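Okay, so here's the structure we're looking at.
From a predicted model like this one, the values you see are computed outputs, not experimental measurements. All chains are named by letter (A, B, ...) in the order of the sequence lines, taking the proteins before the strands, and each is independently numbered beginning at 1.
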Amino acid sequence: MELLRNKPGDTATTKVPALDLPELYQCVHCGLCLNQCPTYRALHLEPESPRGRIHLVKAAAEGRIELNDRFKEHIYLCLLCRACETACPSGVQYGRIAETAREQLGPPGSPFARAVLNFVFTRLLPYPRRLRFVFNLLRLYQRSGLQRIARSLLPGKLREMDSMLPTVPAKFYYPVTSILPAIGERRAKVAMLNGCVMPLLFGDVNEATVRVLRRNGCDVVLPKNQICCGALNIHNGESAAAKQMAAIVVNSAGCGAAMKEYGYLLRDDLAYRDKAARFSSLVKDTGEYLAGIGLVAGLRPVEMTVTYQDPCHLAHGQRVRAQPRTLLQSIPGLKLVEMDGADRCCGSAGIYNLTHADMSQHLLKEKMQAVTATHVDAVVAPNPGCMLQLRYGTQRFGPDVKIYHLMDLLDRACSETDLTPK
Amino acid sequence: MNREDLIGELKNIVGDRFVLVEKEDVIVYEQDGSIFQVMPEIVVLPGDVEQVSAVVKLAKQAAVPIVPRGSGTGLAGGAVPAEGGIVLSLARLNRILKIDLENRIAIVEPGVINLDVTKAVAKDGFFYAPDPSSQAACSIGGNVANNSGGPHTLAYGVTTNHVLGVEAVLDDGVIVWLGGEVPDTPGYDLCGVFVGSEGTLGVVTKVAVKLMQTRESVRTLLAIFDEMDNATQTVVDITAAGIIPAALEMMDRTTIEAIERGAPVGFPRDAEAVLIVEIEGLTEHTDRSASLARAICQRNGAREVKLAADEAERQRLWKGRKGAFGAMGTLAPNYYVQDGVVPRSKLPEMMRRIAAISKQFNLRIANVFHAGDGNLHPNILFDMRAPGELDRVIEAGAATLRACIELGGSITGEHGVGLEKKAYIGLLFNEADLEAMARVRRVFDPDNRFNPAKLFPTPASCGEIRLQPAQIPAGLWI
Ligand SMILES: Cc1cc2nc3c(=O)[nH]c(=O)nc-3n(C[C@H](O)[C@H](O)[C@H](O)COP(=O)(O)OP(=O)(O)OC[C@H]3O[C@@H](n4cnc5c(N)ncnc54)[C@H](O)[C@@H]3O)c2cc1C
Ligand code: SF4
Ligand code: SF4
């Protein structure tokens, strides 16, 4: 059937030098990453695998395929979970390849969705006061009964999105003092990222984190004028370094991973790259940091069986896996049961759960099945995105378990309150 | 039947989503773990055996070549559609259909990942023995087609020793069982014929595999050498002493460097060679054999011999070994791996010859191999973008294969012939031998449509195969 032949050497379009990254040439096409990739596991289509996506980017760089919508779909169905980086024996930094491809392609979705996202990223997240205002509105919406009315009126898809909205807690976390001294013997001075969304949705976690750090001998500094980590300016970090901080601790895995990358992101910026690299070297996930210095606070028993969900940006992005588990196991009475695929993405992936709801829900369902099989009381996932997704998962698919941040449990173990589920 | 009709019919069989025709989809299937690239016209992913059968029937009607593909980790270009046509991916046939621990067998679909078979039975104290280094990714169907081995082949044999039967779809779409669920079914051993047939006889759609019971105890030694000669002599001496390790693996200095750069596991970077010696069995036996093996290493001048203290340490050693191939990407943009065999006693001589070839052609060669079997994997490191280098690499590769044959060995231990070695197969078999094989092929594949241009030394359409600088990442392997 001669008419079917593709001409393999054909060049379809022009080369894209910006995509011709050195990382591409480190991929040896061995395929060891395939089975660790959530989207490949779900679909078994190689264009939805790490090796496939790398192959596509390379083909685009060489001008063999166009940067068209089909290509874009493959690049955006990726969760950027970086499980493929953990699996790769050749050390291919897939994340950098995917980010560069996305820069070339521009954001996904309809013009309207793009406009909304653009607004959120450039007009909202960098401005704590505006953000707080929006969350106040949201809280009002949820508590005034308006949400109930809206749900009965909204069409199906919007109603589902509405049901994914996290409940805004009664209290935000913006402490008045910016230095909170160590309790007991002082061992170190650390800066802590309060974050953009964390203090609004997870103020209690931030509060708990501060308490745990203080009880373990840390002076905690909450630098003023913090904004979203993605835009957190290096001056902040510079002054943190100048103040002899032992570390900049972060309890959100996504922010931590991003902050550890500043050095790389600014590698071409002569003025900032050294500062950025120094800043990055100080960044530590809270669990990573505490396991490193060791707990000194006396720990009370927490009678509970939990399983641990590795946040992608912690396990794959920062290679932090053992430390949170060690901390959990040091709590008397607490039993840790591993679930199948603990380091597989839960489908949250930033705003992925909104842009790719089908894939996201598929992954969440599998995750909840894995949780069910462990018969635990709670899941520990030290990252806000994962916590929201898993909470939604317990509602939609069950089982009815609690979702905690690692710092929640450490805080309970360090304090008086009894956290045994009733 | 024109292209559109064919695509339409295929979509009717497997559903729209699982027929790929856009260039931004099919291009991904132009390559496997090797360096060869040919783009398929259509990629089809059936979901069950009936769909496989219908697709095969349709391909016959349309007279289009059909190339089965598992996980695409093959190192000889076996899953590359040399003459275009349909790539039939078995990735969606990934169910474990039956586990029968009493009779120690499992029946699995071909897309099941090798390691997942072991994972499914490990808690009951069983495992599936063939363990290619790619076991976290490669499929059972691909293992069957390539008769794959692995580090533990030394003690347990290759895939064919662990497959009792296969279900296959023949060229006219008929579904048959070859072999059975018990050993030694009467009649021709057609299951044996299918194992190692590299996708040229039909599509394997179910596999009955043997399960083995986990050994009571395992001892894993890491022996570190400052001289390559001492390491190879140790391999000869260990087997001569009557110890049969479950695995006996060697890595040279360059390989160690690659591993330590890629995903480090703590191999000493200044050693000339390290050996992994693994012994399984009853505790008494493993302790005795391990101390004997240790003594032999020391007699041969090992700098240090370490016993893995626990399972975590053992896993770390194996992680290094199993990641060795992928790690080559940290040393050079490309590498070309040979898969040769020499009698074990000729290992020291062979390693000296490889060193000479490396000098002669001025190319770095990293050695990592199943030493216990005399199954070598020299990786020739290079950069395709450097003019003329690829030619030197191919010559150096041919020189290593010739050396294997001169020393009484063979040109492929486990990776198969595929596209890569078909030019060499004439060195191993005479015309009458090859004709006997060709007759078997004609019986099962009369139209020469199943994975054409593979295995046999036909010139075929090599003009279409891309092997161009900057377009091909890397090479074969292990
Ligand atoms: C890092 C790495 C390490 C490796 N280590 C080893 C090793 O230690 N030992 C070893 O032997 N090999 C090794 N290999 C080679 C490779 O993994 C094996 O050959 C493996 O069996 C291929 O399986 P696959 O599913 O990837 O098959 P593919 O590459 O997809 O296909 C291989 C061949 O099988 C045919 N095929 C696939 N499925 C079917 C089916 N269902 N029916 C009929 N034909 C089919 C294809 O047409 C092709 O000819 C390694 C490869 C890599 C990348
Ligand atoms: S594991 Fe690494 S080298 Fe192998 S195909 Fe995936 S990205 Fe490429
Ligand atoms: S980042 Fe995650 S989803 Fe994306 S290719 Fe890698 S493993 Fe797959």
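Proximity of A:Tyr25 to B:Asn334: side-chain heavy atoms (C-beta onward) are nowhere separated by under 4.5 Å. Contact of the B:Asp116 side chain with the A:Asn35 side chain is registered, since non-hydrogen atoms from C-beta on lie closer than 4.5 Å. Using a 4.5 Å heavy-atom threshold, the side chains of A:Leu43 and B:Arg17 count as touching.
Contact tally against chain B (heavy-atom pairs below 4.5 Å) for A:Pro47, A:Cys88, A:Cys33, A:Gly91: the top residue is A:Pro47. Most heavy-atom pairs under 4.5 Å with chain B: of the set A:Ala61, A:Ala87, A:Cys30, A:Gly31, this distinction falls to A:Cys30. The candidate with the highest count of non-hydrogen atom pairs below 4.5 Å against chain B, out of A:His74, A:Glu48, A:Arg70, A:Gln26, is A:Arg70. For the set B:Ile27, B:Val43, B:Leu20, the count of heavy-atom pairs under 4.5 angstrom toward chain A peaks at B:Ile27.
When heavy atoms are compared at a cutoff of 4.5 Å, A:Arg53 does not approach chain B at all. With a 4.5 angstrom heavy-atom cutoff, A:Asn68 touches chain B only via side-chain atoms. For A:Leu32, the parts lying near chain B are the backbone and the side chain together; criterion is any non-hydrogen pair under 4.5 Å. Residue B:Arg449 does not touch chain A at all, counting heavy-atom pairs closer than 4.5 Å.
Listed in order of number, the residues of residues 311-319 of chain A that approach chain B to under 4.5 Å between heavy atoms amount to none. Of residues 96-103 of chain A, no residue lies under 4.5 Å from chain B by any heavy-atom pair.
Atoms CG and OG, on A:Leu34 and B:Ser134 in that order, are 11.0 Å from each other to the nearest 0.5 Å. Within the model, atoms CD of B:Glu22 and CG of A:Asp69 stand 11.0 Å from one another, a figure rounded to the nearest 0.5 Å. Here NE2 of A:His44 is found 9.0 Å from OG of B:Ser71. Values are rounded to the nearest 0.5 Å. Summarising the geometry, atom CD belonging to B:Glu30 is positioned 4.0 Å from atom CZ belonging to A:Arg64; distances are rounded to the nearest 0.5 Å.
The salt bridge (charged side-chain N to carboxylate O under 4.0 Å, His left out) analysis of residues 74-91 of chain A, with sequence neighbours excluded, yields the pairs A:Arg82-A:Glu85.
Enclosure of atom NZ in A:Lys335 is not indicated, since only 12 or fewer non-hydrogen atoms of other residues, nucleotides or ligands lie within 6.0 angstrom. In the displayed structure, B:Asp310 atom CG is contacted under 6.0 Å by more than 12 heavy atoms of other residues, nucleotides or ligands.
Using modelled atom types, one side-chain atom of A:Ser90 and one backbone atom of B:Gly326 make a donor-acceptor pair closer than 3.5 Å. With hydrogens and angles ignored, the 3.5 Å screen pairs a side-chain donor or acceptor of A:His29 with a backbone N or O of B:Asp32.
By the salt bridge (Lys or Arg N to Asp or Glu O under 4.0 Å) test, B:Asp48 is found to be paired with no residue, residues two or more places apart in sequence or in another chain being considered.
Here the closest heavy-atom approach between residue B:Phe18 and residue A:Leu45 is recorded as CD2-CD2, 4.1 Å. Annotation for B:Glu24 and A:Glu66: closest pair OE2-N, 4.1 Å, computed over non-hydrogen atoms.
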